Amino acid sequence: MAALTRVSGSVGLISLLNPPVNALSAAVRQGIVDTVRRAVSDPQVKSVVICGQNGVFCGGADIKEFGGHMSGPPLVPIFNTIEAADKPVVAAIEGSALGGGLELALACHYRITQSKARLGLPEVSLGLLPAAGGTQRLPRLIGVPAALDLITTGRHLTGAEALKLGIVDQVTDQNTVEAAVKFALSIVGQSLESRRISTLPCPCPADIDAFFEGVMQRVKKSAHGAIAPVACVQAVQAAATLPFTQGMQREQELMATLFGSGQARALQYCFFSQRVVSKWSSPSGSRWDTSKPKPVTKVGVIGLGTMGRGITVALALAGLSVVAVETQQQQMMAAQHAVSGMLERTARRRGVSLVGDQIRYSVELEAVADVELVIEAVFEDMALKEKLFKQLSTLCKADTLLCSNTSSLDIDHLASQTHSPQLVVGMHFFAPAHVMKLLEVVYGPRSAPQAVATAMELGKRMGKVSVAVGNCSGFVGNRMLMPYVEEASFLVEEGASPEIVDRALEEFGFPMGVFRMSDLSGLDVGWKVRKARGLVEPGQMSRVRQGRRYSPLGDLLCEQGRFGQKTGRGWYLYDSAGSREAQPDPWLQSFLEEYRARQGLVSRRIDSQEVLERCLYALINEGFNILQEGIAAGPEDIDMIYVFGYGFPRHRGGPMFYASQVGLAQVLQRLEHYQQLHPDIPHLRPSSLLRRLVSSGSPRIQRWREIIRMPHSSL
Ligand SMILES: CCCCCCCCCCCCC[C@H](O)CC(=O)SCCNC(=O)CCNC(=O)[C@H](O)C(C)(C)COP(=O)(O)OP(=O)(O)OC[C@H]1O[C@@H](n2cnc3c(N)ncnc32)[C@H](O)[C@@H]1OP(=O)(O)O
């Protein structure tokens, strides 16, 4: 798993051999121990270069090992041995040096990297900290503030950025291993004293206590309950205040608390789930590995409202040519101005050059006649979309893919308006589309595998986490959101305030509770959907509609012109229209009291446990229905949709993983309890799949797909 060869006469070249990313599995660690020992003791070897096979240095510790019994030599003594070697050791970094991979490089005396290589300590995103000396060596090398930034965010750097920060000694655009070997030859005989990072003092800010207090406050606030970022700060603080050996001890202690935590399990599940969802399959049998995407270079975007603008920006940033169509001249000019601004800001933030020249604007639909793929992003109005799809089907090339950004309308119906229904899929982006990572790719029974593969591939090029889902009202994300939002309103009817509900959800880890979120997106959005479904009865207070419990509270607020942040009033009060500072609204409190009195509802005390159980279990229950119906292929799909599109705390793994951690029997029992209390709320009726999983012994989430596919009787 690691090979030693002698090159250029006196350089011992150690190659890590564990495709695809040369993760530091037990066998690789043993390979490093053996090859380093041989290189150090071989008198013909004067210097050493460590590289990775196939253009990747090392993707870090083998995450798959974390779930089971760990064996093989541990990393810390291996890295200490490398650093203590009396022959110079040079890391030749190509591809990636992440986590334990970068820690290995930091134990070497010199680092040479390809300019485009990715370097970083992303352990925090796995619920861990860099525990092979990373928290102690990096601050000594680049100073406390820069190290804290990298370790607490886990962000990746390019080789060029790493050079600027002083993490690497040289960047090359040539063959990195050859450059490292040449360099290794040139430094033989030089003193290594100043090259052993563990022996360096740690450059610290002046008032160290005040500095760490401030950092800790900021990190806790943005962590939303995640424990790893806090432990990362504590470990770096140890580097700043303790000698290396004691700092290493502290690093190990902190790692021990994180390693077995539920948060680490959840975050590692997210890492693998993100990869699982890219390997999509549909009930028709089409799959990621048997469906070849069609090459796409030019995309049409129709409708330049908020969504269309964001999609245009995301496409341009991905290097695609875009034909952006808005039939109203004035809207088009406004959109062009807005898109340029968004591109400028994003390019500045990402430190890349501006990419506006590949966007062509037009007021004519015919401008998309020669594109390979169209994304429709006009108003959520079926009649408008029907007409548009008919027109597109006639004017575009016969093999052009027609995609809709609808968030809930029937994709099959849109497909049926075209000459080639097999070329129609949903591409449901989330606002702001150039920022949010999620893309739901919605297939219907007639969608061609190539159409799904092409939309998935396009999403990947745009940097999205693309999840393939079946067609149903609301698809996966919005369908599950309905019971969640409804439960929140029911709780307010029964005695909770929006603040009580939001506080419970925010303490759980959501960046925003359901009412703050509704105020942000606009209460009129849901009102419009409910109107379209025939649920709204203006001025009416009845709490049963279409045969089930209904809360008219949202409608009543909208009737008062309270649309949320944009009108300065919604579930909360804001200083002014557009302001983001939500204040509890005394008007709303009396409105609710009056409402309850008129409805004959006796207000009761509702605690955060009930808020969490009713909102989350209702959402999870709908997730089980979705799995049962085959709308999502597996729990990972649902979890990635919720983590990347709806702010579900990543350190909880997503709703389905969370349910598996709570225990399926417990979720079932609580749903049964609430259903008895509220028989008029259908979404509290436990899903038959949940019952089936519980009676199968609540298997691990990785086994759910098997159970879902097993034939069963619904009797
Ligand atoms: C009481 C108990 C006390 C406990 C103490 C225990 C101490 C334990 C010792 C810990 C020592 C700490 C060491 C270190 O600090 C910890 C780490 O290093 S954690 C790992 C950090 N590294 C990462 O997070 C990188 C993860 N990988 C990536 O970001 C990307 O894969 C990549 C490297 C940038 C490459 O990206 P792509 O080219 O796009 O490829 P993919 O992402 O699709 O990956 C391909 C394939 O490889 C699998 N894979 C990737 N990285 C790893 C990995 N580190 N381990 C295992 N497998 C990995 C990935 O899942 C894909 O698999 P496939 O889907 O094809 O099956």
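Both ligands and their constituent atoms are indexed starting at 1 by order of listing. Everything numeric in this text was worked out from a predicted model, so none of it was measured. Note: hydrogens, waters and symmetry copies are ignored here, and every other heavy atom, side chains too, is used.
- Not close to ligand 1: G260, with no non-hydrogen atom less than 4.0 angstrom away.
- Taking 4.0 Å as the cut-off, P130 counts as a neighbour of ligand 1 on heavy-atom distance.
- Residue V21 touches ligand 1 through its side chain alone, judged by heavy-atom distances below 4.0 Å.
- Counting only non-hydrogen atoms, the option in P19, G99, S278, P20 that gets closest to atom 47 (O) of ligand 1 is P20.
- The side-chain tip of R195 points at the ring of Y110 from less than 6.0 angstrom away and within 45° of straight on.
- Rounding to the nearest 0.5 angstrom, the gap separating the NZ atom in K298 from the CG atom in L315 is 13.5 Å.
- The single protein non-hydrogen atom nearest to atom 55 (N) of ligand 1 is I63 N, 2.9 Å, given as residue, atom name and distance.
- Less than 4.0 angstrom separates atom 65 (O) of ligand 1 from at least one non-hydrogen atom of the protein.
- The option with the heavy atom closest to atom 27 (N) of ligand 1, from among F57, F272, F271, is F271.
- Qualifying salt bridge (charged side-chain N to carboxylate O under 4.0 Å, His left out) partners for R287, counting only residues two or more places apart in sequence or in other chains: D289.
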Practice task
Verify side chain to side chain donor-acceptor pair (under 3.5 Å) between E83 and S198, making sure each step is shown before the conclusion.
Solution key: CA-CA 8 Å; E83 194 188 58; S198 69; 2.5 Å; yes

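- Between the side chains of S286 and S282, at least one donor-acceptor pair of N or O atoms lies under 3.5 Å.
- Of the listed options G95, G59, S25, C58, G59 places a heavy atom closest to atom 22 (N) of ligand 1.
- By the neighbour-count criterion of 12 heavy atoms within 6.0 Å, atom CZ of R700 is sparsely surrounded, having that number or fewer from other residues, nucleotides or ligands.
- Counting heavy atoms closer than 4.0 Å to ligand 1, residue L75 contributes side-chain atoms (C-beta onward) but none from N, CA, C or O.
- Residue E103 touches ligand 1 through its side chain alone, judged by heavy-atom distances below 4.0 Å.
- Residue contact check for ligand 1: M70 places a non-hydrogen atom closer than 4.0 Å to it.
- For the residues R275, K279, E251, the heavy atom positioned nearest atom 63 (P) of ligand 1 is part of K279.
- Residue-level proximity to ligand 1 for L126 is carried by the side chain, the only part with a heavy atom below 4.0 angstrom.
- For the residue pair D639 / Y269, a side-chain donor-acceptor distance below 3.5 Å is found, with atom types taken as modelled.
- If you check which protein heavy atom lies closest to atom 48 (C) of ligand 1, you get K64 NZ, 4.4 Å.
- Residue-environment remark: NZ (K294) exceeds the threshold of 12 foreign heavy atoms within 6.0 Å.
- T454 and E457 share no side-chain donor-acceptor pair at under 3.5 Å.
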